[in-house]
Amino acid sequence: MPQGQPTTVPDDGLTTRQRRTQPVLAVHTGPGKGKSTAAFGLALRAWNQGWPIGVFQFVKSAKWKVGEEHALRVLGASGEGGSVAWHKMGEGWSWVQRSIENSEDAAREGWEQVKRDLAAETYRLYVLDEFTYPLHWGWIDTDEVLAVLKDRPGSQHVVITGRNAPAALVDAADLVTEMTKVKHPMDAGRKGQRGIEW
């Protein structure tokens, strides 16, 4: 196992082992590509450790065929590693405006399911993909989310992805990565392609 050295050692009375097993709240935000991809990479590590994984997609349409979904479902059903459950709440409303009311209701119900699963300790890793959007738009109360995540029982890790992460979420997170765009093929007029975007 890699032996990274922390820059500080808090005077919290915990052992190194106890600190190492504390649950992590991670946020992948920023305008660059790769936020969800990084979260699904983390899910692969969790699957390898045998952890049950819950993926909750808050924006991507249920009709979209995302490559990571197929791969993780196959791995979850393989009998090796952890189980994988995949939930889609969105209708693609960040790019194509459809029924905002239905989308808002779907996002709220998705959050209610996450709350139920956290209370039941259903998963060890939760990927809340593009969850920053319903927070940013005010569909789901950020203060409530932070309170629920702070009080989650056991050792449940949560990774939240999406642009415009609320400042309070960034402050509360243990790990924050901001993806910045330097260049993108779309800047040169190229559309998304298989194996790269999906």
Side-chain angles (χ1 to χ4, degrees), residues 1-10 12-30 32-60 64-89 110-132 145-162 165 169-170 172-179 195-198:
M1 184 170 98
Q3 297 294 317
Q5 294 298 321
T7 55
T8 61
V9 178
D12 55 10
L14 298 177
T15 66
T16 300
R17 182 179 300 275
Q18 288 170 322
R19 265 188 237 105
R20 183 177 283 158
T21 59
Q22 289 179 313
V24 170
L25 170 58
V27 175
H28 299 173
T29 193
K33 177 176 168 44
K35 297 176 288 292
S36 296
T37 304
F40 295 135
L42 186 61
L44 287 175
R45 289 180 176 171
W47 171 83
N48 187 60
Q49 294 299 322
W51 295 358
I53 301 160
V55 177
F56 298 82
Q57 289 191 296
F58 282 84
V59 172
K60 292 183 176 76
W64 295 357
K65 301 302 180 199
V66 180
E68 296 95 342
E69 177 183 357
H70 178 71
L72 282 166
R73 283 185 185 272
V74 168
L75 289 173
S78 71
E80 299 179 34
S83 61
V84 178
W86 204 282
H87 310 275
K88 294 184 182 181
M89 278 65 71
W111 169 240
E112 291 302 317
Q113 184 60 51
V114 171
K115 285 168 40 179
R116 289 189 290 270
D117 285 332
L118 285 167
E121 298 185 60
T122 305
Y123 307 109
R124 183 82 186 272
L125 175 69
Y126 295 74
V127 177
L128 308 188
D129 189 34
E130 299 183 327
F131 188 53
T132 61
V145 169
L146 295 177
V148 168
L149 293 178
K150 182 180 180 209
D151 293 336
R152 67 191 186 276
S155 183
Q156 300 178 94
H157 304 283
V158 178
V159 58
I160 296 173
T161 73
L169 176 63
V170 169
D174 303 296
L175 171 64
V176 179
T177 300
E178 183 172 5
M179 307 292 191
I196 304 296
E197 269 75 34
W198 72 90

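Between the side chain of Thr177 and the backbone N or O of His28 there is no donor-acceptor pair closer than 3.5 Å. Put simply, the side chain of Trp47 never gets that close to the backbone of Val84: no donor and acceptor are under 3.5 Å apart. No donor-acceptor pair closer than 3.5 Å links the side chain of Ser83 to the backbone N or O of Gly76. Proximity of a side-chain donor or acceptor of Arg45 to a complementary backbone N or O of Leu42 within less than 3.5 Å is not detected. The backbone N or O of Leu118 sits less than 3.5 Å from a side-chain atom of Gln156, completing a donor-acceptor pair. Using a distance-only test at 3.5 Å, with no hydrogens or angles considered, no donor-acceptor pair links the side chain of Trp51 to the main chain of Ala43. Thr8 places no side-chain N or O within donor-acceptor distance of the main-chain N or O of Pro10, the cut-off being under 3.5 Å. The main-chain N or O of Leu14 is found under 3.5 Å from a side-chain atom of Arg19 such that the two form a donor-acceptor pair. Remark: the backbone N or O of Asp129 is not paired with any side-chain donor or acceptor of Ser36 at under 3.5 angstrom. Looking only at distances, no side-chain donor or acceptor of Trp86 sits under 3.5 Å from a matching main-chain atom of Val55.
Here the CD atom belonging to Glu178 is positioned 9.5 Å from the NZ atom belonging to Lys35, to the nearest 0.5 angstrom. Distance NE2/His87 to CD/Gln113: 6.0 Å, rounded to 0.5 Å. Rounding to the nearest 0.5 angstrom, the gap separating the NE2 atom in His157 from the CG atom in Leu175 is 12.0 Å. A distance of 9.0 Å separates CD of Gln22 from OG of Ser155, quoted to the nearest 0.5 Å. Note that CG of Leu149 and CG of Leu169 are 8.0 Å apart. Values are rounded to the nearest 0.5 Å. To the nearest 0.5 Å, the span separating CD1 on Ile53 from OG1 on Thr122 amounts to 13.5 Å.
Glu121 and Gly154 get closest at one heavy-atom pair: OE1-CA, 3.4 Å. Across every non-hydrogen atom of Asp174 and Pro23, the tightest pair is OD2-O, 3.7 Å. Across all their heavy atoms, Phe58 and Glu130 have their closest contact at CB-O, 3.8 Å.
Aromatic ring pairs are classed by plane angle as parallel below 30°, tilted from 30° to 60° and perpendicular above 60°; the pair Phe56 and Tyr123 is perpendicular.
Under the 4.5 Å side-chain criterion, counting only non-hydrogen atoms from C-beta, Val127 is not in contact with Val158. At least one side-chain heavy atom of Thr132 sits less than 4.5 Å from a side-chain heavy atom of Ile160.
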Take Leu25 and Arg152, measure what side-chain contact (heavy atoms from CB on, under 4.5 Å) needs, and give me the verdict at the end. CA-CA 11 Å; Leu25 170 58; Arg152 67 191 186 276; 4.2 Å; yes

Assess whether side-chain contact (heavy atoms from CB on, under 4.5 Å) is satisfied between Phe131 and Val145, documenting all intermediate values. CA-CA 11 Å; Phe131 188 53; Val145 169; 3.9 Å; yes

Take Val159 and Leu128 through the side-chain contact (heavy atoms from CB on, under 4.5 Å) test and state the conclusion after the steps. CA-CA 6 Å; Val159 58; Leu128 308 188; over 6 Å; no

Which is it for Lys150 and Leu146 under the side-chain contact (heavy atoms from CB on, under 4.5 Å) test, yes or no, and what are the steps along the way? CA-CA 6 Å; Lys150 182 180 180 209; Leu146 295 177; over 6 Å; no

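Annotation: Arg17, atom CZ; neighbour count of heavy atoms from other residues, nucleotides and ligands within 6.0 Å does not exceed 12.
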